[in-house]
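Structure first, then comments.
So you know, we letter chains A, B, ... as the sequences are listed, proteins then strands, and number each from 1. These values consider heavy atoms only, across backbone and side chains, with no hydrogens, waters or symmetry-generated copies.
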Amino acid sequence: MARIVDDDQRMFMTGNEVLAWAALAAGAEIMYGYPITPQNEIMHYWTRLAPRFERGFLQTEDELSAGFTTLGGVMAGKRAFSATSGPGDILMQEPICMAEMMRIPAVWIIQQRGAPSTATVIYGQQETRLACFGGNGEGHRVVYSTSSHQELFDYLIKAFNTAWSYRFPTILLGDGYQGKMREAVTLYNPEDHGVKLVPTEPFVGRPGVPGVDRAPAHYRNTFNIEEEIYEIVHAREEEFEALTPQIVEFESGYLDEAEMILIGHGIVSRAIKEAVKLLQNKGVKVGYFRPVTLRPFPVEELRKAVEKVPAVMVFESALGQLLSMVKEAVGGLPVKIEAFLRPGVGICTDEAAEQVQEYLRKSSMVH
Amino acid sequence: MARIVDDDQRMFMTGNEVLAWAALAAGAEIMYGYPITPQNEIMHYWTRLAPRFERGFLQTEDELSAGFTTLGGVMAGKRAFSATSGPGDILMQEPICMAEMMRIPAVWIIQQRGAPSTATVIYGQQETRLACFGGNGEGHRVVYSTSSHQELFDYLIKAFNTAWSYRFPTILLGDGYQGKMREAVTLYNPEDHGVKLVPTEPFVGRPGVPGVDRAPAHYRNTFNIEEEIYEIVHAREEEFEALTPQIVEFESGYLDEAEMILIGHGIVSRAIKEAVKLLQNKGVKVGYFRPVTLRPFPVEELRKAVEKVPAVMVFESALGQLLSMVKEAVGGLPVKIEAFLRPGVGICTDEAAEQVQEYLRKSSMVH
Amino acid sequence: MHTKIAVAGEGGQGVQSIGEILAEAANRSGLETTYMPNFGVEQRGGVSIAFVQISDRPIGSPKFKRADVLVVLSPRSVERTRGYVTPGTTVIYDSSSIEAPKIDDMTIGIQSWETLAPEGFADMAGNRPGKGIKGEEVRRDSNVRTVGIPAARIAKEELQPRVFNILILGAILAITKVVTVEAAREAMEHMFREKFAQRPELRDDNFAALERGLSLVETEQAGAGR
Amino acid sequence: MHTKIAVAGEGGQGVQSIGEILAEAANRSGLETTYMPNFGVEQRGGVSIAFVQISDRPIGSPKFKRADVLVVLSPRSVERTRGYVTPGTTVIYDSSSIEAPKIDDMTIGIQSWETLAPEGFADMAGNRPGKGIKGEEVRRDSNVRTVGIPAARIAKEELQPRVFNILILGAILAITKVVTVEAAREAMEHMFREKFAQRPELRDDNFAALERGLSLVETEQAGAGR
Amino acid sequence: MENKTSGSATSESKTGFTTRTVVTPNEAMPKVWRRETKPHRFCPGCGHPIILKALAQAVEELDIQGRTVFGCDIGCSLLAWDFFNLDSIQTHHGRTTPVIAGLKRARPDLIGVAYMGDGGGYAIGSQHLLNAAMRNDRVTVILCNNTVYAMTGGQMAPTTLPTQKTETTPYGRDPAMTGEPTLGPELMAAIGRKGAYAARGTVANYRQLVKFTKKALENQLADRGFSFLEVLSTCPTNWRTTPRQTWDFVEDDMTRVYKVGEFLKPEDEK
Amino acid sequence: MENKTSGSATSESKTGFTTRTVVTPNEAMPKVWRRETKPHRFCPGCGHPIILKALAQAVEELDIQGRTVFGCDIGCSLLAWDFFNLDSIQTHHGRTTPVIAGLKRARPDLIGVAYMGDGGGYAIGSQHLLNAAMRNDRVTVILCNNTVYAMTGGQMAPTTLPTQKTETTPYGRDPAMTGEPTLGPELMAAIGRKGAYAARGTVANYRQLVKFTKKALENQLADRGFSFLEVLSTCPTNWRTTPRQTWDFVEDDMTRVYKVGEFLKPEDEK
Amino acid sequence: MTRGLTTRDVTSRDNKVFEGLVTEAPKGSWTIFPELCKGCGLCIEKCPTDAIRWSTELGAYGSPRVESDMEKCIVCNICAQICPDCAISVKRGPKDPEKSN
Amino acid sequence: MTRGLTTRDVTSRDNKVFEGLVTEAPKGSWTIFPELCKGCGLCIEKCPTDAIRWSTELGAYGSPRVESDMEKCIVCNICAQICPDCAISVKRGPKDPEKSN
Ligand SMILES: Cc1ncc(C[n+]2csc(CCOP(=O)(O)OP(=O)(O)O)c2C)c(N)n1
Ligand SMILES: Cc1ncc(C[n+]2csc(CCOP(=O)(O)OP(=O)(O)O)c2C)c(N)n1
Ligand code: SF4
Ligand code: SF4
Ligand code: SF4
Ligand code: SF4
Ligand code: SF4
Ligand code: SF4
Ligand SMILES: [Mg+2]
Ligand SMILES: [Mg+2]
């Protein structure tokens, strides 16, 4: 793969532009896409950059096609990816669930917008459940939720590596804010940072005549018998669980002695981290926990974090999607679960801090 | 509406045939559909019956079209419905989430099959999460999970009434077993059983010239500003919560003194109910709880049921979709949650009973 | 009372009709009944299985994994349905086309696939290194009764080949007594109303076959048992 | 140090450039910076807002609800951005096209929509009987500083109409000191490299406007304040 | 159309003619346009509202305002969701055809108009367009051909001209890689359903546009068959054109590739 | 093809000729058919495997077994997922075209064949088929026209003949309500991309079918353009026909509506 | 019927009026509606007699609007037909429409 | 590369052989493969000389298979071409292919 920058290079650019560069750095060979706000600029930058780096691009007739052409590209042995949002994300679930069943290591970037339906083109964390569990059920995929331009870059590279290491479709989950805002990022060649790109392999079209020199590769997603599906789903689940320690990622801080832990993912985690620092400066004992992988979800890690804490507060720009995951994860522990849910709108540092203080004031009055 | 039977009539037929009759009884005026196993026979019977009862039918080019033509039919003021399964269910989420946003009272029948991807055409409860929470997020819908042919009939009538009473898209969630098996059912005219059909109203095409005699009806699903979505989603949530006591349904039995409560929905609830009776006959103190509405989920009712019980066991033909909902619902209670998960395969009375006895034996050894 | 019956055979043998008549008759007798065909992606070919349950209390899953009565009408269907055999199962087979099925300790309870799939697909599926369903155990005690009925031969020689399945039905009724002969007759009258009306000789043929099936058991049962 | 700046004006006024230059300059000064335009479904029309944050610590949400510095360049943008005003906000406005904004107790903190939407859409949205965001409160104490700059007039009369926005930028720098003039100049050199190379007079015009904006504040600031 | 002049202030114009101020419902604006929502949300120089003006005029002339339902797509057509004094449904991207087709099946007495962009009609919704045409659904589809995905910022559409620069063809559309432009009415003519109507109009010829629009509606009124009208339109925002360039692009560049006229009339038959 | 006769038992046939038993790889079966998976899973008398025999023969004659990738749809075509000694991908219903088109873009050296039913191609996947044709994607699409949705039990397809009874047209297809049959190759010809190929073959004319299949592959080999082949096929299971009726339906009824032949040759151009 | 539906709360009558500047000439009158004119310039290019020019006054978006030179104008109505915003109204005939009533 | 992929575990060589019944006549030989013949009857209808008829033996699905009357057969190969299951092989020419080798 060609080096994309001479040396580490600090840039000030939009998140969508970062992603186009990250895909180049990750060695992505072809993008398949259909326009939808707020991810369009990934395509715009990619179509400008791709010819310079000899990468491919195909604009398709819809997201179904974008997703299925991506699967074709991956099965041809290429690092292929697509990007979408909102209503396009719904359609993309059809190819994603075929990728789950057939273990096709395709990569998707999802920049969440408002929901449900066409809603707004701007921002939200309302596609979290869809990104993690979309499709007709029980497939396995990896979902990284990023919070900064640097993470967009780092984790898109990682997403390709995860996909091709474990053969689970992999999603990078961002949002419209991340796509459209500008902030600083350092672009680099992965090898300069000791990151090796996991090699790809063709599923079909390998050398040799099938049936003569080698067995033909026969891929399918249909089964005739109920018990086959039972076996496949269970086997996948076991494999996914076994791999979880390798894949799962989270970030936390100030957990010791915390009276409350703030939980948030993606860009909201920036606000809660800052809020925690703010409160700590004021002497308020609070910590934070941020799942970086939403699938697999850092269940054990979260349980450990909240074990000794009286309460957590979940922050999300959604009506309780992360909240569901948290509730499920901490089930059985005595921790009280509060939530600050702002479907479709951003959460600022100040208001996060205010919410926590308000809660602590009220609950101390009760005690 | 024409009477569909002279008098209550006991029949022995397949579930898909029951549904065609139920739609007639519910006064459904037009069906839009695309073939997919295991729901095809609904269409087959409907196309045979519809002309006799002057109802309409349109076979479309795909499920997207089936869903969106259904929305057109409903907005024209007709009781319109569609039916699907599996991969078609994924596609149907696009129109369903438009229905959520625009409060279009369309009715869908979903006969679950194996998952993920094309999988099997037979059976599963793996589309439970999709049926309840599909789409790009946070829309509101009502989901009834049926367990017998009689319920298919009763609840499809109810589904139309719920949809048109509250203007939430409504789903009747069955499965391939229910669709394909034969058992006894009593068909009746709703009015004979005191069931009134909620009247419909056109969204568009009402009498009068818009802008002259009356205001035009302008429906949209797109908003320009983040805060609008915030408001809409929150307002819907409040409304849905307020309506929950009216809509929510569950079934339970033998809860008193139970050492364990068995939880299951849909056809699996038949097995657990029978298992409970079997065990009770043997003197084992167990009860059961079955959510009939999966959305809204009977959270309060379940919490009340399990409050004083040491353990519950969730049974489902899926990898933990109902389990997630149960975990979320009972969060904070000290109850232990066990599960018997059989993705894509049926659960029999005997094995349910065995599982419970096994668990109770083991846990009594521990005590 | 709760009887689980599986009837298995080749596509053209009319096993689904047997299941349907049994279920219809039970339903008419006021019993709880479910009938379910198996189905897969293919339209034709392979072993066809009918699952019937008849009970005096509500029925759980419409499929089951152990049969009280297993009827097998072709060699392939024997292979396909071994898994349904459990201690206590009565196996009824067509002794004119199948050797007495070897039911021994090793075959009882073995995991097998339920399917109507044509060979290639189903075999391939069976060949996968399946790990079996959790909690499944091979049962080692066997208490299985087998009854051979030379149904194909008798149907061909004495009656008509096409009433083969009704002859089997008669035998099932005689052996299991899950429904009365009258109920079965009524069910047939109801289900084949139009056909019987058009061609009354069909009624006679079928009812003769039913009788012959019933009487066959009385004469041959002892010999075929194990 | 954490400064939240919102710049609002009509589509053609170059508010996004102001935001971009500020952000670029801050970034070049080694500060944490985010810049975000607002965007909606339409391609054009309506009030355009640039959101910039400059801080010495990591930044949370790239949008915010209360601005430390609010720059409003057209009458419509005053209406649209009232909600960003909070005690402590500095409001900079173009006094040649806008009357001194009436900032009173009642307008501070009022909920308004962030949008670049053309009138019809946005107005309609504003007209909806919105219930506001929970936890929102109208703040009653006001401690707002307003600074009027006759930027449009000066740009037209003394400079070029097209450097109107850079003149405003100069004023922002003078008033807020969020970044140094040198940093802003460097940012412009970087961002307009190609344009400046092609038409060097552009550089001179822009830098002149920047200077004029800086100097303007020194002379007019006191008068415009409230 | 009554034009109440409710206020007037007279001034001498530079050219010597009198200029008065009148306050009026504006009779240049069709009554079917909802005045309350004007000025509308389309960009300056956008062709969409010209198409919608022709539609309004046709509805007015055919006197079907009381039974016409207007459906618009996602794409700039959505900006028309409250544009008319017509019952209107804004649908999903590409899905206006099935929504209106479904409505028409349920209420054949209504006149269903499905309005969409070239991306919505020829790309993501092409299965619906094609199959509604095949079924000869009694609906009127009007498709705005502006050679780009306008609302998302100007990406290549199926109608983008060869060598045309867009956000996803920054070096110009290369037909060898992305194909030649889609010709909708020609395709409809090839499908050639009995009683169907297919034409291509242009915002550069307003009179003809009204005529084609009327025919596309009349065909539905007469219950003859599917009606399809593509209209060559403008998007100065994404084209980044001056008014002169805008017209040149429509009248020269586009018209070279897209022939204006009627391609299938209800009388024709295959 | 070598035909090793590894065992033989001779008997006198009734007509006086000798009948021997041979054990052989069966040279009537193309080498590209995977013997291990035969007998295949299609019903007795199904036309699918005849089409797949022609495909195998064409692949063999063009000597491209080593670089052909076979994609099949959901529909009875999925039964071919392990049919060939070819790398094969069974995809989703209607999505074979994009999977193979995506593969071809990524690996232009491969020969991509997308095989599907008439439901998969003309209904749920029609946007893909249409747009791949518009883009002139260098893939070969082979579509089995059996006038029904076969795998789901025989519902109306876009290709169902007028008055034909299916599970969803129990009283016969009424073109006034459901449209006339879809004519695929004719549509492709109307799109008329330079270098594209469109033809309709029939299982009733095997030699011609092989010829058309070869041309559809050669066109991709020559990198000229999109290649489309519809094949009139049989579905005795859902038609509920005897062998005689099966042939009559294909050769008479279907061929009256569906003309067999080549509709667009790479030389032709629009 | 509007429970929870996303329909606008609109009055049934659509009575909005616009302010128009009518310039009258013997051939007819030409009216511009400044609050509607977005200054797209399309009419300028379409006028067969080059009668339309930019005004110094502003239109709907704070951008310049157009005006017509009635010496040149032949009241052909093309500008009005083509205006995407219905910002022009052209009337042939009697100098003052009011007087003719 | 097959970690977790739903590909079949197949041997690379495809060596399966079938049992064929060859009937030889002077014009050539006609082979039926009983385990492949599903008894669809398509060949019977297509044979130009009505040479094919039902056999009393069973084929692949336990349904009757076909056989050819070599008196009538003109070894035109149509039946073989049309057989969906490749259950027929036809060879023109020397009575015994083995002898000709
Ligand atoms: C399923 C889905 N995919 C993509 C989008 C994003 N989207 C919104 S508008 C649009 C482009 C519309 O282009 P066109 O149909 O040509 O209409 P125009 O804006 O050009 O008038 C797209 C792709 C969406 N809203 N939904
Ligand atoms: C998205 C989706 N919708 C529907 C189906 C159900 N389905 C499976 S096969 C089939 C019919 C296929 O018909 P056709 O494409 O004509 O192929 P044939 O079986 O006739 O060869 C359908 C509708 C599916 N699997 N996926
Ligand atoms: S972006 Fe183009 S199509 Fe959309 S409103 Fe503006 S000019 Fe019209
Ligand atoms: S159902 Fe029809 S198309 Fe499918 S395999 Fe059987 S004969 Fe062939
Ligand atoms: S066409 Fe209309 S909007 Fe455009 S400049 Fe002329 S009058 Fe103004
Ligand atoms: S009416 Fe005709 S001549 Fe007069 S300004 Fe308009 S276009 Fe020009
Ligand atoms: S065509 Fe083939 S399968 Fe059918 S009967 Fe003839 S030999 Fe047998
Ligand atoms: S080879 Fe020709 S003549 Fe001989 S059986 Fe076959 S079709 Fe008939
Ligand atoms: Mg467009
Ligand atoms: Mg078909």
Side-chain angles (χ1 to χ4, degrees), chain E residues 3-11 13-31 33-40 42-54 56-57 81-82 85 90 203-204 206-207 209-210 234 236 242-248, chain G residues 6-8 10-26 29-46 51 59-61 63 67-73 77-91 95-98 101:
Chain E
N3 185 356
K4 286 199 210 96
T5 304
S6 50
S8 96
T10 311
S11 77
S13 103
K14 293 157 213 150
T15 45
F17 297 105
T18 336
T19 297
R20 287 181 307 123
T21 304
V22 294
V23 176
T24 155
N26 180 359
E27 79 178 46
M29 197 179 279
K31 272 194 298 188
W33 274 30
R34 187 155 183 90
R35 283 166 170 66
E36 270 189 1
T37 58
K38 304 294 166 296
H40 53 59
F42 294 95
C43 301
C46 179
H48 273 291
I50 306 179
I51 305 171
L52 300 177
K53 181 153 61 160
Q57 189 172 328
W81 73 276
D82 62 353
N85 278 316
Q90 182 236 98
V203 296
Y206 181 75
R207 264 177 217 275
L209 181 58
V210 173
T234 60
T242 63
R244 183 67 264 147
Q245 291 169 328
T246 301
W247 283 124
D248 287 348
Chain G
T6 55
T7 190
R8 287 181 67 212
V10 283
T11 52
S12 49
R13 278 260 159 201
D14 180 28
N15 289 327
K16 183 168 172 182
V17 288
F18 301 89
E19 198 168 88
L21 298 177
V22 193
T23 309
E24 276 144 0
S29 68
W30 193 96
T31 308
I32 179 80
F33 295 90
E35 64 192 301
L36 291 173
C37 174
K38 290 180 186 153
C40 71
L42 290 189
C43 55
I44 296 183
E45 299 296 334
K46 268 287 179 182
Y61 278 10
S63 40
E67 60 188 25
S68 168
D69 178 349
M70 291 311 283
E71 298 280 11
K72 291 186 182 169
C73 176
N77 203 39
I78 289 178
C79 55
Q81 278 180 353
I82 224 65
C83 173
D85 285 85
C86 294
I88 300 175
S89 175
V90 178
K91 264 199 192 148
K95 199 181 169 181
D96 191 340
E98 276 177 311
N101 285 352

- Message: Could you check whether any side-chain N or O of E:Asn85 sits under 3.5 Å from a backbone N or O of G:Asp14, counting only pairs where one atom can act as donor and the other as acceptor?
- Response: no

- Which bit of E:Lys38 is near chain G, if near means a heavy-atom gap under 4.5 Å: side chain, backbone, both or neither? both

- Can you see which heavy atom on G:Leu21 is nearest to which on E:Thr19, and at what distance? CB-CG2, 4.0 Å

- Message: So E:His40 and G:Lys38, do their side chains get closer than 4.5 Å, heavy atoms only?
- Response: yes

- Query: Got a second to check how far E:Arg244's CZ is from G:Leu42's CG, nearest 0.5 Å?
  - Reply: 10.0 Å

- Query: Can you find a pair of side-chain heavy atoms, one from E:Thr18 and one from G:Thr23, that are under 4.5 Å apart?
  - Reply: no

- Query: How close do G:Gly41 and E:Pro243 get, heavy atom to heavy atom, and via which atoms?
  - Reply: O-CB, 3.5 Å

- For the pair G:Val22 and E:Phe17, evaluate side chain to side chain contact (heavy atoms under 4.5 Å, CB included) and give the outcome as yes or no after the intermediate values. CA-CA 10 Å; G:Val22 193; E:Phe17 297 105; over 6 Å; no

- Message: For a 4.5 angstrom cut-off between non-hydrogen side-chain atoms, does G:Glu19 reach E:Val22?
- Response: no

- Query: For the atom pair OG (G:Ser29) and CZ (E:Arg20), what is the distance rounded to the nearest 0.5 Å?
  - Reply: 8.0 Å

- E:Ala204, part contacting chain G, at a heavy-atom distance under 4.5 Å: both

- Taking atom OG1 of E:Thr242 and atom CD1 of G:Ile44, what is their separation to the nearest 0.5 Å? 11.0 Å

- Message: For a side chain to side chain contact (heavy atoms under 4.5 Å, CB included) check, start with the C-alpha distance between G:Leu36 and E:Asn26, then their side-chain angles and the critical distance, and finish with the verdict.
- Response: CA-CA 10 Å; G:Leu36 291 173; E:Asn26 180 359; 3.3 Å; yes

- Item | G:Phe18 portion near chain E, given a 4.5 angstrom heavy-atom threshold | both

- Item | Sub-4.5 Å side-chain heavy-atom contact between G:Cys86 and E:Lys53 | yes

- Note on the structure: Heavy-atom closest pair (G:Pro84 atom, E:Cys46 atom, distance to 0.1 Å) is CB-O, 3.3 Å

- Note on the structure: One should read off an interatomic distance between G:Gln81 CD and E:Gln57 CD, to the nearest 0.5 angstrom, of 7.5 Å

- Query: Which distance, rounded to the nearest 0.5 Å, do you find between the NZ of G:Lys16 and the OG1 of E:Thr24?
  - Reply: 13.0 Å

- Can you see which heavy atom on E:Pro44 is nearest to which on G:Cys40, and at what distance? C-CB, 3.4 Å

- Task: Any chance you could measure E:Arg207, atom CZ, to G:Ile78, atom CD1, to the nearest 0.5 Å?
- Result: 8.0 Å

- Non-hydrogen atoms of chain E under 4.5 Å away: do they reach the side chain of G:Ile88, the backbone, both or neither? backbone

